[in-house]
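Encoded as structure tokens, the structure appears first; notes follow it.
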Amino acid sequence: MPPLVEVVDLRKQFVLSGNRWGEKLTVDAVSGVSLTIFQGETLGLVGETGCGKSTLARCILRLVEPTGGRVLFEGKDILSLSLRDFHPYRRRMQMVFQDPFASLNPRKTVFAILEEPLIIHGERNLRIRREKVEAIAERVGLDVRLLRNYPHEFSGGQRQRIGIARALILEPEFVVCDEPVSALDVSIRAQILNLLCDLQESLRLSYLFIAHDLSVVRYISHRVAVMYLGKIVEIAPCEELFANPLHPYTRALLAALPVPDPSRPWKRMLLEGDPPSPLRPPSGCRFHTRCPERMDICAVYPPGAFFLNPEHVVFCHLYGGWEMV
């Protein structure tokens with residue numbers, strides 16, 4: 001089965017203002033990322049703060065225009081389309097944002113917030129708009145009687161349900177969830193995750209799910225991609241990644257998870273130093289400055305892809321091969 005979304009060598013470079021010597025500074029936020037997402041699948045995306053996860057997601061949706069690469073939606077390169085030609089794809093690709101309060105217009109009622117995407121995409125019939133708003137509100141667990149209220153009158157969990165309803169009202173096939181539960185209490189977090197799972201099953205949605213909490217990623221994801229300093233370092237099926245992580249960075253992330261069993265020893269893997277600046281990423285493997293298993297080759301050549309099996313790929317010199325750049 002062909003993938004619903006395919007990202008090929010995607011790159012995003014931000015140009016900053018010059019320094020005191022007049023030099024232009026650039027940040028490689030996303031550097032040659034390739035991945036696939038299939039119909040009905042959740043691909044989890046994890047990594048440290050600042051590694052480029054949210055930028056990658058926004059580039060896929062063209063909320064931020066990439067510097068290079070391709071994004072194929074059902075085989076069509078959407079980056080080659082003009083904004084006018086891309087407009088129909090907007091309703092098929094939506095996003096749930098991290099902060100449910102900042103992403104909602106405080107001057108509009110919830111009904112107006114949910115109705116707005118329908119108006120933008122040409123739905124003129126007021127009765128149909130009202131029916132769709134009420135239907136999606138009920139589907140995500142919102143009381144229809146509260147649709148005339150404003151966002152500040154809702155709790156954090158209710159506001160995230162509003163954000164999910166806004167993303168789904170256009171009946172998309174692909175939804176980016178950018179840390180949708182990180183700002184919520186644990187009990188509310190479980191409700192939202194269960195809601196996302198139920199909606200995926202009933203609507204055959206595909207998710208790109210970004211999160212810091214690896215337990216959340218493990219609960220909701222079918223496959224997991226690990227990102228470090230703008231690059232993907234490992235992709236594998238979820239349970240396989242947790243059972244057999246190959247990349248040293250992946251092992252360090254998983255070792256940081258606390259073990260909920262006082263009788264079992266907790267061996268944490270401490271990394272050396274701080275993450276490098278994206279203004280001047282290290283040569284070769286970008287992780288080599290902190291890697292406890294680094295070799296001489298790691299500082300010279302970027303690692304190539306090693307396939308443990310067709311679904312488990314790791315970019316690391318421990319497993320042989322390199323890219324010539």
Side-chain angles (χ1 to χ4, degrees), residues 1-10 30 33-47 52-64 66 69-79 81 86-98 103 117 121 136 139-140 160-161 163-182 192-211 213-214 216-227 232 234-241 310-313:
M1 182 178 65
L4 177 67
V5 178
E6 184 175 4
V7 179
V8 182
D9 194 29
L10 194 66
V30 178
V33 169
S34 298
L35 51 83
T36 55
I37 303 171
F38 293 89
Q39 184 73 45
E41 178 190 44
T42 298
L43 176 66
L45 183 61
V46 300
K53 304 186 299 298
S54 294
T55 301
L56 171 62
R58 291 167 187 263
C59 286
I60 293 174
L61 298 182
R62 290 190 68 177
L63 299 178
V64 174
R70 294 186 298 158
V71 176
L72 307 179
F73 188 88
E74 292 186 335
K76 180 70 173 180
D77 185 5
I78 60 176
L79 298 185
L81 301 176
F86 178 65
H87 184 70
Y89 286 89
R90 289 283 188 198
R91 68 184 305 150
R92 304 177 67 184
M93 309 168 70
Q94 291 292 311
M95 188 167 187
V96 178
F97 295 92
Q98 177 179 359
S103 63
H121 285 271
I136 196 63
R139 190 152 204 166
V140 301
Q160 196 58 284
R161 290 176 186 270
I164 294 171
R166 180 180 59 183
L168 297 184
I169 196 164
L170 293 174
E171 301 178 359
E173 299 153 65
F174 173 57
V175 179
V176 171
C177 301
D178 188 3
E179 303 201 39
V181 297
S182 63
I192 297 299
L193 289 175
N194 289 332
L195 173 63
L196 289 172
C197 290
D198 292 342
L199 291 170
Q200 181 178 47
E201 184 176 353
S202 60
L203 300 177
R204 291 294 295 164
L205 296 171
S206 300
Y207 292 144
L208 175 62
F209 191 92
I210 301 170
D213 191 333
L214 292 173
V216 169
V217 172
R218 187 173 191 175
Y219 178 78
I220 199 170
S221 301
H222 298 96
R223 290 187 299 134
V224 179
V226 182
M227 194 170 185
I232 298 295
E234 188 168 1
I235 303 178
C238 185
E239 289 306 319
E240 183 174 340
L241 185 85
E311 293 187 313
H312 193 164
V313 58

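These numbers come from the heavy atoms of this one structure, side chains and all, not from hydrogens, waters or symmetry mates.
Residues E41 and R223 are paired through a salt bridge, judged by an N-O separation under 4.0 Å between the basic side chain and the carboxylate. Salt-bridge check for R218 with E239: passed, with a basic side-chain N closer than 4.0 Å to an acidic carboxylate O.
The closest side-chain heavy-atom distance from I220 to C197 is below 4.5 Å. Proximity of N194 to Y219: side-chain heavy atoms (C-beta onward) are separated by under 4.5 Å at one or more points. In this structure the side chain of H121 reaches within 4.5 angstrom of the side chain of H87, judged on heavy atoms. Between T42 and L196 the shortest side-chain heavy-atom distance does not fall below 4.5 Å.
V33 approaches V7 most closely through the heavy-atom pair O-CG1, 3.4 Å.
When atom types are taken as modelled, the side chain of Q200 and the backbone of L205 share a donor-acceptor pair closer than 3.5 angstrom. Side-chain atoms of K53 do not come within 3.5 Å of backbone N or O of L45 as any donor-acceptor pair. A distance-only check finds a donor-acceptor pair linking the side chain of S206 to the backbone of G40 [under 3.5 Å].
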Requested in this report: May I have the step-by-step check of side chain to side chain contact (heavy atoms under 4.5 Å, CB included) for L195 and Q160, ending in yes or no?
Outcome: CA-CA 11 Å; L195 173 63; Q160 196 58 284; over 6 Å; no
Query - Criterion side chain to side chain contact (heavy atoms under 4.5 Å, CB included) on F97 and D178, from CA distance to verdict - result: CA-CA 5 Å; F97 295 92; D178 188 3; 5.6 Å; no
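Taking the six-membered ring where tryptophan is involved, the planes of F73 and F174 are tilted, since the angle between them lies from 30° to 60°.
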